[in-house]
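Naming: A, B, ... by sequence-line order, numbering from 1 per chain.
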Amino acid sequence: MPELPEVETVRRGLAEYIIGRTITQATVYDSPKSFPNHTAEVEQFMQGAQVVAVRRRAKVLLIDLSSDYTLVIHLKMTGQLWYRGEEVFGAGHPSDSLIGELPDRSTRVMLEFADSSRLYFNDQRKFGWIKLIATPLVPSLAFMQKVGPEPLEADFTPEQFATRFARRARTNIKAALLDQTVVAGVGNIYADESLWGAKMSPKRLVANVTPAEFALLYDELRAVMNLAIEKGGSTDKNYVNAEGKRGSYMDFARVFRREGQPCPRCGTTIEKIKWAGRGTHLCPVCQK
DNA sequence: CACTTGACCTGTCCGC
DNA sequence: TGCGGACAGGTCAAGT
């Protein structure tokens, strides 16, 4: 589910709600699946620790604690992080919140804070996980070593973007976009959306993409992701932000989940095919 | 090494 | 309405 814009939206919500709060207890409902390294010792590093920062790298959330440990969280397809406290439900649930009693049958982990507010990690499909890692060791995690650059960073250039694809020259552009070691944070939604924006077929061989085309794809990817962050991400089924609210980018999507509808650019019917192992949406006429 | 495929899970939707 | 199969936004471990 969540790609860079969704994880960033969750990060911003969490930063607002949990920084400064002190963890009093962690409850793990399905260890070890959702919290693989949860032990009594790890529990000690959380209890009494204060949240000092909420960071994001690619699709991974990093919650830094005053104990010099970091909660490393990947939401994968259906993970959700809901904060429940005075700020969110003190004045009643927002009308567009997916209201539900928590914990529920999808709750995998619950963190309780000193003021009795709570953070729930819900994950229907159990692909997501939370690990507690010593903060100084986070940069040496295999994932952190391999992952590509953040596409929205100010100093990330179109030339760097193009260069990152060299290693994947013999595959197609969609598979390469989804490769987290090429560029961080791109998933199925924003791959399809940015390819449509760049008028590029997902089937294009990377080796045949020109520097000018890479520059266009770079622009489109950044524009699409920035718009998605502005809209609070994309909610198809599961995704919600820290308040349990949906994102509205899907209202602005041009091809994703719009098969059978006319292409907003040329009017041709949008197709959905299986490509790079994923459901892929495209305009068969104006994406070359 | 680069690349593709299947597996991890649960829930939902579609066609018969 | 019931039931089996396909499919779902992400990533690995395997395989070629």
Does [X] reach a base, just sugar-phosphate, or nothing at all? Heavy atoms under 4.0 Å.
X: A/R257; value: sugar-phosphate
X: A/G279; value: sugar-phosphate
X: A/N188; value: sugar-phosphate

With side-chain contact (heavy atoms from CB on, under 4.5 Å) as the criterion, how do A/R57 and A/E150 come out once you've worked through the C-alpha distance, each side chain's angles and the decisive distance to 0.1 Å?
CA-CA 8 Å; A/R57 179 71 172 98; A/E150 289 290 325; 2.9 Å; yes

Reading DNA chain B from 5' to 3', where do the contacts with chain A start and stop? Cut-off is 4.0 Å to heavy atoms.
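Taking any atom under 4.0 Å from a heavy atom of chain A, the span is B/dA2 to B/dG11.
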
Would you call [X]-[Y] a salt bridge at under 4.0 Å N-O?
X: A/E3; Y: A/K59; result: no
X: A/K76; Y: A/D123; result: no
X: A/K199; Y: A/E220; result: no

With P as the reference atom in both, quote the distance from C/dG9 to B/dC14 in angstrom, rounded to an integer.
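Pairwise P distance, C/dG9 against B/dC14, rounds to 15 Å.
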
Taking ring pair (Phe, Tyr, Trp, His ring centres under 6.0 Å) as the definition, give me every residue that meets it alongside A/Y120, ordered by chain and number, with sequence neighbours left out.
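Partners of A/Y120 under the ring pair (Phe, Tyr, Trp, His ring centres under 6.0 Å) test: none.
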
For A/I273, which fellow cluster members are found when Ile, Leu, Val, Met, Phe, Trp and Tyr are connected by side-chain heavy-atom distances below 4.5 angstrom, either directly or through intermediates?
A/W275, A/L282

Tell me who clusters with A/M144, hydrophobic residues only, linked when side chains sit under 4.5 Å apart either directly or through other members.
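Joined to A/M144, directly or through intermediates: A/V60, A/L62, A/V72, A/W129, A/I133, A/L137, A/V138, A/L141, A/F143, A/V147.
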
Within a 6.0 Å radius of atom CD on A/Q145, are there more than 12 heavy atoms belonging to other residues, nucleotides or ligands?
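Yes - once you tally the heavy atoms of other residues, nucleotides and ligands closer than 6.0 Å, there are more than 12.
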
Which residue is it: A/K231, A/E6, A/E193? I am looking for the one with a side-chain hydrogen bond (donor to acceptor under 3.5 Å, both in side chains) to A/Y249.
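Answer after filtering A/K231, A/E6, A/E193: A/E193.
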
Counting Watson-Crick and G-U wobble pairs whose two distances are both under 3.5 Å, find the runs of 3 or more in a row that involve DNA chain B.
B:2-8 with C:10-16, B:10-16 with C:2-8

Expressed in angstrom and rounded to an integer, what is the separation of [X] atom [atom1] from [N] atom [atom2]?
X: A/Q124; N: C/dG9; atom1: CD; atom2: P; answer: 13 Å
X: A/N238; N: C/dG9; atom1: CG; atom2: C1'; answer: 9 Å
X: A/L4; N: C/dG9; atom1: CG; atom2: P; answer: 17 Å
X: A/F127; N: C/dG10; atom1: CZ; atom2: P; answer: 12 Å

Which comes earlier along DNA chain B counting from the 5' end, the contact point of A/R105 or that of A/R168, where each point is its nearest nucleotide?
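On the 5' side of the pair lies A/R168.
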
Could you say whether A/R108 or A/A169 is positioned toward the 5' end of DNA chain B, judged by the nucleotide with the nearest heavy atom to each?
A/A169

Provide a list of protein-nucleic acid N or O atom pairs under 3.5 angstrom, restricted to nucleotides 11-13 of chain C.
from: C/dT11; atom 1: OP1; to: A/H74; atom 2: NE2; distance (Å): 2.7
from: C/dT11; atom 1: OP2; to: A/K59; atom 2: NZ; distance (Å): 2.4
from: C/dT11; atom 1: OP2; to: A/Q180; atom 2: NE2; distance (Å): 3.4

Donor-acceptor side-chain pairing of A/Y83 and A/E16 below 3.5 angstrom:
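Judged by distance alone, the side chains do not pair up.
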
Using 0.5 Å steps for rounding, measure from the CG atom of A/L132 to the OG1 atom of A/T39.
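It is 8.5 Å, given to the nearest 0.5 Å.
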
